[in-house]
**Student:** 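Submitted below is the structure of interest, expressed as structure tokens.
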Protein chains: 2
Amino acid sequence: MSDEKIKNITIADIAADLGVSKTTVSRAMSGKGRIGQKTRNNVLEYIKLHDYKPNIVAKGLAQSRTYNIGVVMPVDYNMMDLTFFQECLLGIEEIAGLMEYDILLAYNKDNDISSLERIVNNGKVDGVILMRTFINDPQIEFLKQKNIKFVTVGSSNYTGVIQIDHDHKNACKELTSVVLMKCSGTVALLGGDMNHVVSQNRLKGFYEGYETVGKSADMNLVDINIENNIMLDKKVEEALEQNAECILCMDDAICVRVLNKLHDLHKKVPKDVKVASFYNGIMLENYVPSITSLSFNTKELGIVTGRTIIDMIEGKSVAQKTLLPYEIVLKESTK
Amino acid sequence: MSDEKIKNITIADIAADLGVSKTTVSRAMSGKGRIGQKTRNNVLEYIKLHDYKPNIVAKGLAQSRTYNIGVVMPVDYNMMDLTFFQECLLGIEEIAGLMEYDILLAYNKDNDISSLERIVNNGKVDGVILMRTFINDPQIEFLKQKNIKFVTVGSSNYTGVIQIDHDHKNACKELTSVVLMKCSGTVALLGGDMNHVVSQNRLKGFYEGYETVGKSADMNLVDINIENNIMLDKKVEEALEQNAECILCMDDAICVRVLNKLHDLHKKVPKDVKVASFYNGIMLENYVPSITSLSFNTKELGIVTGRTIIDMIEGKSVAQKTLLPYEIVLKESTK
DNA sequence: CTGAAAGCGCTTACAG
DNA sequence: CTGAAAGCGCTTACAG
């Protein structure tokens with residue numbers, strides 16, 4: 001066994017073997033340009049027989065393309081986010097593979113975008129997916145200035161940015177109104193960092209949910225921007241003191257903490273207080289009692305995001321904002 | 001703003017502007033071949049001034065390289081593994097970036113290696129890192145047959161495979177002997193799928209730990225290949241019935257389950273029984289009482305793995321097997 | 001319908 | 001010390 005990689009067969013080899021020009025071989029494969037049916041079949045047959053794989057890098061160079069898409073992963077995640085990103089990435093990879101694209105990874109740690117800069121400055125990607133964005137986002141600034149095509153997972157307040165997201169606002173609106181039907185009265189809302197666009201949308205949906213039943217939220221029971229878990233625990237106690245019949249949690253992490261606190265206080269769910277979450281997540285999955293929550297398909301989010309950036313790369317026009325559907329999963333916790 | 005990517009400056013532009021040949025520019029950058037000091041500085045200055053970045057793809061084509069390394073991630077992970085893989089990947093990315101390489105992602109789901117096949121058949125990578133391998137591994141078969149350079153994270157029983165791992169065997173040996181010092185008598189060992197090479201090494205270390213104190217393990221207290229959590233719970237009870245003074249757990253997932261079971265049985269750690277784990281992990285981190293365990297630096301594992309595959313790509317010789325150090329962290333649970 | 005030639009942006013013998 | 005030319009493996013006007 002030699003130490004070298006096996007030398008791959010090239011388009012020139014095929015041309016020589018078949019007694020045609022490289023042009024013809026190229027055309028047979030791409031389907032572009034006129035070519036005789038017989039000639040074409042000949043080439044295709046040869047390719048199949050010899051299991052020829054064109055060198056995508058060379059193809060890319062000739063077309064000023066790379067057939068790579070850059071994906072920027074955040075590093076400062078917590079456990080729950082990790083599974084979200086992984087699953088989304090899986091969706092991206094799946095669709096990319098089908099379209100003959102590959103994923104080039106970059107990381108974003110504390111808004112250090114050097115990793116992103118490298119892959120785009122080195123011309124290694126045709127487009128970029130940002131897995132997480134911020135209100136003021138150096139990634140977006142950089143990509144705009146470089147005029148590179150990109151898509152964001154989740155909503156962004158930047159103008160002109162193509163974004164794919166679940167329809168959090170309407171999801172929260174609907175869940176809120178469903179819960180309001182069950183608890184004739186006081187519903188508390190806890191958690192949510194308003195620096196995140198998604199939190200803003202959830203809050204909006206919450207208010208709109210109230211509107212649908214002709215009421216308006218009791219602002220004493222809405223506690224956002226809770227700084228830490230200790231604060232959160234206190235907010236749970238306060239909600240109970242104000243006789244909240246149901247606690248809505250901004251996301252699954254909040255919800256787990258709330259449930260633990262209720263457990264410590266010997267409050268039974270749903271007998272003493274109902275609980276629901278605006279986001280499903282792995283930690284909520286096997287909780288007893290089962291927890292009512294919104295349910296989003298993360299892998300699908302990845303697939304749609306991947307398809308969108310590839311469409312953009314290939315010159316198709318795409319929607320400025322794509323909102324994916326959601327499900328409301330009613331479980332024991334709001335019975 | 002045009003719809004096109006900004007056209008990058010090329011080596012030809014520099015050559016024209018400076019009135020030298022492309023050869024000279026190339027040489028100035030690479031440092032290869034003879035070139036006058038003054039000419040060289042001229043070029044370098046121009047490059048810095050205009051912030052020129054060579055097109056790595058073109059460079060790669062000319063050198064039959066890609067400056068990409070493929071990383072194959074497993075998909076059938078559980079939560080705990082996920083953080084391991086993420087952190088390892090982070091290490092790989094860090095060193096790759098420093099060496100001007102990038103990460104191309106592939107997935108391995110149920111030993112479907114089509115994703116891996118695509119990136120190597122398409123000539124998109126110079127080498128591959130396998131994040132997880134199996135006793136009979138189609139990934140390894142494929143890469144060997146293709147004669148592509150690759151490295152595995154963790155140990156493999158295949159011959160001739162370059163592997164990077166923590167020194168699990170000696171780590172387990174040392175922890176076992178430390179624990180034996182504290183519990184003059186009966187130590188139980190629970191968990192570990194013997195289809196995994198790492199489990200085999202841990203078990204070996206466990207036995208060797210006994211040897212160091214001149215004893216041999218009580219086989220009634222060694223329970224490996226435990227099929228599920230129910231079984232595991234039963235094994236915990238059995239260990240207690242046999243008056244085990246300490247329970248050693250093969251990994252953190254096992255350990256968490258064991259701790260929960262002990263909690264249910266109202267057994268106090270370490271008063272009623274001591275506990276230690278052969279692997280640290282996120283779920284063990286904040287446990288009360290704090291848990292004695294082996295501690296491994298996962299990011300470092302990634303860094304070393306990345307450096308190794310790059311060394312191989314660049315023709316340097318590397319060790320067949322690299323074993324990284326470990327730490328024994330004594331905590332409350334074995335007091 | 002097919003091919004010769006130029007080009008994508010680099011590197012690298014070869015020659016001077 | 002420097003440059004003209006060929007080459008990496010493709011694509012694509014252009015010409016016939």
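Both backbone and side-chain heavy atoms feed into the values below; hydrogens, waters and symmetry mates do not. Chain letters run A, B, ... following the sequence lines, proteins first and then strands; every chain starts at 1. These figures come from a predicted structure and were not determined experimentally.
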**Student:** Using only side-chain N and O atoms of A:Gln63, determine if any of them is under 4.0 Å from OP1 or OP2 of D:dT12.
**Tutor:**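 Yes, because at least one side-chain N or O of A:Gln63 sits under 4.0 Å from OP1 or OP2 of D:dT12.
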**Student:** Taking only side-chain N and O atoms of B:Ser21, does any of them lie within less than 4.0 angstrom of OP1 or OP2 on D:dT2?
**Tutor:**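 Checking B:Ser21 against D:dT2: no side-chain N or O falls below 4.0 Å of OP1 or OP2.
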**Student:** If C:dC1 has a Watson-Crick or G-U wobble mate with both distances under 3.5 Å, name it; if not, just say none.
**Tutor:**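 Across any shown strand, C:dC1 pairs with D:dG16.
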**Student:** Would you please test A:Ile135 and A:Val197 for side-chain contact (heavy atoms from CB on, under 4.5 Å) and show each step?
**Tutor:** CA-CA 8 Å; A:Ile135 305 282; A:Val197 177; 4.2 Å; yes
**Student:** Just how far, in rounded Å, is P of C:dT11 from CG of A:Leu61?
**Tutor:** 12 Å
**Student:** A:Ile35 side chain: which of C:dC10, D:dT11, C:dT2 is closest?
**Tutor:**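 Shortest atom-to-atom distance from the side chain points to C:dT2.
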**Student:** Is A:Thr24 close enough to C:dC1 that one of its side-chain N or O atoms is under 4.0 Å from OP1 or OP2 there?
**Tutor:** no
**Student:** Any N or O donor-acceptor pair linking the side chain of B:Thr23 to the base of C:dT12 at under 3.5 Å?
**Tutor:** yes
**Student:** Out of D:dT12, D:dT11, C:dA13, which has the shortest distance to the side chain of B:Arg27?
**Tutor:** C:dA13
**Student:** May I ask you to evaluate whether B:Thr10 reaches the phosphate of C:dG9, defined as a side-chain N or O under 4.0 Å from OP1 or OP2?
**Tutor:** no
**Student:** At less than 4.0 Å, is any side-chain N or O atom of A:Tyr52 found next to OP1 or OP2 of D:dG9? Yes or no.
**Tutor:** no
**Student:** Ignoring backbone atoms, establish whether A:Ser64 has a side-chain N or O less than 4.0 Å from OP1 or OP2 of C:dC8.
**Tutor:** no
**Student:** Ignoring backbone atoms, establish whether B:Lys22 has a side-chain N or O less than 4.0 Å from OP1 or OP2 of C:dG9.
**Tutor:**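 Answer no for this pair, as no side-chain N or O of B:Lys22 is under 4.0 Å from OP1 or OP2.
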**Student:** Check the distance between C:dC8's P and A:Asn122's CG and give it to me in whole angstrom.
**Tutor:** 20 Å
**Student:** Atom CD of residue position B:Glu45 - does it have more than 12 heavy atoms of other residues, nucleotides or ligands inside 6.0 Å?
**Tutor:**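 Atom CD in B:Glu45 is not crowded, with 12 or fewer foreign heavy atoms closer than 6.0 Å.
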**Student:** Using only atom types and a distance under 3.5 Å, with no angle test, would you say the side chain of A:Ser30 pairs donor to acceptor with the backbone of A:Ser26?
**Tutor:**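 Side chain of A:Ser30 to backbone of A:Ser26: a pair is present.
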**Student:** Give the rounded distance in Å between these two atoms: CD1 of A:Ile11 and P of D:dC8.
**Tutor:** 13 Å
**Student:** Could you check B:Asp137, B:Asp81, B:Asp165 and say which one makes a salt bridge (charged side-chain N to carboxylate O under 4.0 Å, His left out) with B:Arg132?
**Tutor:**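 Option passing the salt bridge (charged side-chain N to carboxylate O under 4.0 Å, His left out) with B:Arg132: B:Asp81.
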